[in-house]
Amino acid sequence: MYAFTYNRASGLRQAQNMIAKLDEPKLLAGGQSLLPAMKLRLASHANLIDLGRVEGLAGIELKGRSLLIGAMTRHFEVATSPVVRQAIPALAQLAGQIGDPAVRHMGTLGGSLANNDPNADYPAGALGLGATIITNRRRIAADEFFKGMFETALEPDEIITRVSFPLPKKAGYMKFPNPASRFALVGVFVCKRGSEIRVAVTGAGTAGVFRVGTFEEALKKRFSPKSLEGLTIPADGMSSDIHGSAEYRAHLVGVMARRAVAAAVG
Amino acid sequence: MPAATLTVNGKAVTADVDPRTLLVQFLRENLRLTGTHVGCDTSQCGACVVHVNGRAVKSCSILVAQAVGANVLTIEGLAPSATQLHPMQEAFRENHGLQCGYCTPGMIMTAVDMVNRIGHDLDDKTIRHELEGNLCRCTGYHNIVKSIAAGAKAMAAGGGVRRAAE
């Protein structure tokens, strides 16, 4: 790692002040992506601001028709929470598939969303459920939040505090994990809420998580895997690497979407 | 950075460290607790797994600064005494759950965490799935899985887990 100064924030206000005052600041949440990247010297930051001790950033709460999850809530907590399992089982299941048990003990919801890794699971969950990302300054709809690979709508001095997931009628997540990294080679989150249908795909696109309008239209007629039979998406814009070609990923999107709908209705 | 103070295997420890110091470096280089291994150093292999506040984490992917004030349990702190192995360690010995032994400390710390979270009756499928973050290049895993199943049962039979004082 390149040298940096470690700063521990004890409150949100203090974290904000640190961002404003410090040179090249970077927020440290669970560190499961940031620290490995820094160790490989793929990333370097003069100042880390550790959010690990900030009060009130972790927790799970059902409020009306929404599930509120604090930004510093670890994947393990989301995966095993009886509240999440009851309210949005597909989200608990998604969190339980991130990385491995030790990574899930450290990694956080807010960290994952802010990082917006194109192969991460949570962006599909947030976009698929139509979540609202709540920061120290404003509320950002998931549709406006993800801006491409490792890019989000967050301003440099903005800190995610909570994420609000409106409860779906039905939801499902299916992931084809990369056999080595366990990241999503392709992951598809589907959700039905009244007449609203959302299909969000992670892992496949060169610009990160995206929705599939044609699948959503087909599922509006009937929310069943049968509605997606024969439907595919174009290979244009799909990632192509040693793990899979663009055509392969495009094909997997269709397969995973059908399985996700089957899981949601099953 | 101010001196790091944390509890390791029940003892309070303090050290002035560079902010870059990873927990695994602190354990191995400052405290000379070299049972925790560095295998890949890219958070894939799990040779560095220790418990922080009762939960398995990869000590190569956490700064010691993040663990200030925490209770850390390493493989050295697991056995109840200098002459008696922890039931999970004993199960690995009994079932030949290791060959070169490099991954073993991480395997055992992961196994104990698995029992703490899921319970004492672990089927092979569960064990294999839970070992997702631990790599072994010698055994083919078969005897590791056997060891964990046996160790989990032995832990239920009274071989309690010594956790770091909480």
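Here is how names work: the chains are called A, B, and so on, in the same order as the sequence lines, proteins then strands, and each is numbered from 1. Keep in mind that this is a model prediction, so the values were computed, not measured.
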At a 4.5 Å cut-off on heavy atoms, which part of [X] comes close to chain B: side chain, backbone, both, or neither?
{"X": "A/Met106", "result": "side chain"}
{"X": "A/Leu48", "result": "side chain"}
{"X": "A/Phe76", "result": "side chain"}

_Exceeds 12 heavy-atom contacts within 6.0 angstrom, atom CZ of A/Arg162_ = no
_Are more than 12 heavy atoms, taken from residues, nucleotides or ligands other than A/Arg13, located less than 6.0 Å from that residue's CZ atom?_
no
*Hey, are A/Glu77 and B/Arg55 close enough for a salt bridge, meaning a charged N less than 4.0 Å from a carboxylate O?*
yes
Does one side chain, of [X] or [Y], offer a donor that lies under 3.5 Å from an acceptor on the other?
{"X": "A/Ser245", "Y": "A/Ser240", "result": "no"}
{"X": "A/Ser10", "Y": "A/Gln14", "result": "yes"}
{"X": "A/Asp121", "Y": "A/Thr202", "result": "no"}

_Pairs of heavy atoms under 4.5 Å with chain A: top-ranked of B/Thr110, B/Val52, B/Thr42, B/Ile62_ = B/Ile62
*Looking at B/Gln44, B/Gln66, B/Met114, B/Met109, which has the largest count of heavy-atom pairs under 4.5 Å with chain A?*
B/Gln66
Which distance, rounded to the nearest 0.5 Å, do you find between the [atom1] of [X] and the [atom2] of [Y]?
{"X": "A/Leu185", "Y": "A/Arg249", "atom1": "CG", "atom2": "CZ", "result": "4.5 Å"}
{"X": "A/Asp50", "Y": "A/Leu28", "atom1": "CG", "atom2": "CG", "result": "4.5 Å"}
{"X": "B/Gln25", "Y": "B/Asp41", "atom1": "CD", "atom2": "CG", "result": "7.5 Å"}

*Of the non-hydrogen atoms in B/Ala154 and B/Pro87, which two are nearest, and what is the gap between them?*
CB-CB, 3.9 Å
*Using a heavy-atom distance cut-off of less than 4.5 Å, which residues of residues 90-101 of chain A contact chain B?*
A/Gly99, A/Asp100, A/Pro101
*For a side-chain contact (heavy atoms from CB on, under 4.5 Å) with B/Leu23, tell me which candidate from B/Leu6, B/Thr36, B/Thr74 qualifies.*
B/Leu6
*Verify whether the ring centers belonging to A/Phe4 and A/His45 lie closer than 6.0 Å.*
no
*asked:* Heavy atom to heavy atom, less than 4.5 Å: which residues from residues 125-139 of chain B reach chain A?
replied: B/Glu130, B/Glu132, B/Gly133
